[in-house]
2 protein chains.
Amino acid sequence: MMLEQGIKERLEKAEYKLTQQRKAVLEVMQNKRGEHLTAEEVLYEARQKVPHLGIATVYRTLERLAAIEVLYKTIFDEGKYRYELSDQAEHQHLHILCIACSRIFEVEEGLLDSLEKHLEKDGFEIVNHQLKIYAYCPECSRK
Amino acid sequence: MMLEQGIKERLEKAEYKLTQQRKAVLEVMQNKRGEHLTAEEVLYEARQKVPHLGIATVYRTLERLAAIEVLYKTIFDEGKYRYELSDQAEHQHLHILCIACSRIFEVEEGLLDSLEKHLEKDGFEIVNHQLKIYAYCPECSRK
DNA sequence: CCCAATAATGATAATCATTATCATATAAAC
DNA sequence: GTTTATATGATAATGATTATCATTATTGGG
Ligand SMILES: [Mn+2]
Ligand SMILES: [Mn+2]
Ligand SMILES: [Zn+2]
Ligand SMILES: [Zn+2]
């Protein structure tokens, strides 16, 4: 499995060495594009390639990759972090969490006013929502 | 300090006994309306009233109060839960998290398309955002 | 190629938040 | 006031994440 070009570029700019274990983690994330994986899940998958891979290395690698925005790190009210391949361009993460089966659905669109009505037409039954905006507050804003 | 009427009603319907420790927790949450507190923070405050209050009781009480929607439980990418007094009517939680000072700002409005532009006029410098919609997916939707 | 110097790894211990356990205390019912 | 159910607090257990550190690659200059 090859690494994608965009990822390679960001790696070269920031990461130091592309070791076997880092490569294994990256390939897992690429193969699981669109999924949101915990460190344990990444470990399990990556051990197919690097059997004695340690969990500490997985955490370190995920952390690094999130820092250079190859991955996006988030948390879904279950008390542990999940990582997904970041679709570089946009910083939007619109997720639908099924409160019955706990699957995570990606929403393609921007912040639409009519988003929920649209989703309801698709058969979603919306119970709650939560928007988090990450920003510099007026006081902290760098001028 | 008195308990508010709306809260009292929901308690009577669902909670069993209004013990000193539960009362202390509730009063803390009322006094800190609009703030998002961790269990530890609630413990610290509530011990002003009930000095030998245990952390287990705080967790149990917060959990119960969230279950009957007197509190809203959420998590802000820092790996621990926070609780706030729930403003019963609406299920909306629009938060701005300052990535510099990590204060949490409440946003009053509904999901506006122009929300971010508005906020930028107020001096916020938006870096990222995340929307989570809790729903039954089409497959799981109760008909 | 050989040798430092540097960085990465993996095993394991430590930490932190949360949950479970259980003996004791408190309250309600009779 | 005795019985019964519930709540509490101390503490142990758990699960996720981070820190530590000895060992193992990797690199760049001889
Ligand atoms: Mn996503
Ligand atoms: Mn809030
Ligand atoms: Zn579902
Ligand atoms: Zn700020």
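Within every chain, numbering begins at 1; the chains are lettered A, B, ... in the order of the sequence lines, protein sequences first and strands thereafter.
Atom NZ of A/K23 and atom P of D/dT26 are 12 Å apart (whole Å). Summarising the geometry, the separation between NE2 on B/H52 and C1' on D/dA7 is reported as 12 Å, rounded to the nearest angstrom. The distance from atom CG of B/L62 to atom C1' of D/dT8 is 15 Å, rounded to the nearest whole Å. Residue A/I75 contributes atom CD1, which lies 17 Å from atom P of D/dG15 at whole-angstrom precision. Atom CD of A/E41 is separated from atom P of D/dT17 by 11 Å (rounded to the nearest Å).
A close approach under 4.0 Å does occur between a side-chain nitrogen or oxygen of A/Q21 and OP1 or OP2 of C/dG10.
Under the 4.0 Å criterion applied to side-chain N and carboxylate O atoms, A/E27 and A/K49 are assigned as salt-bridge partners. With respect to the salt-bridge test (charged N to carboxylate O, under 4.0 angstrom), the residues A/E84 and A/K32 do not qualify.
Proximity of the aromatic rings of A/H36 and A/F76 is defined here by a centroid distance below 6.0 angstrom, and this criterion is met. Taking the centre of each ring, A/H129 and B/Y134 stay at or above the 6.0 Å mark.
The side chain to side chain donor-acceptor pair (under 3.5 Å) check on A/E41 picks up A/R82, with sequence neighbours excluded.
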With sugar-phosphate taken as primed atoms, P, OP1 and OP2 and all else as base, the protein-contact string of nucleotides 12-30 of chain C at under 4.0 Å (heavy atoms; B, S, -) is -----SBBBB---------

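Distance check, rounded to the nearest 0.5 Å: CG of B/L97 to CZ of B/F105 gives 9.5 Å.
Of the residues near DNA chain D, B/L53 and A/Q20, the one whose nearest nucleotide (by heavy atom distance) lies more toward the 5' end is B/L53.
Between its two ends, the helix from C/dC1-D/dG30 to C/dC30-D/dG1 turns its axis by 20°, counting five pairs per end and rounding to 10 degrees.
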Before you tell me yes or no, could you show the steps for B/V50 and B/T57 under side-chain contact (heavy atoms from CB on, under 4.5 Å), namely the whole-Å CA-CA distance, both residues' side-chain angles and the distance that decides it to 0.1 Å? CA-CA 12 Å; B/V50 182; B/T57 298; over 6 Å; no

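Both the sub-6.0 Å distance and the 45° axial angle are satisfied by B/K73 relative to the ring of B/Y81.
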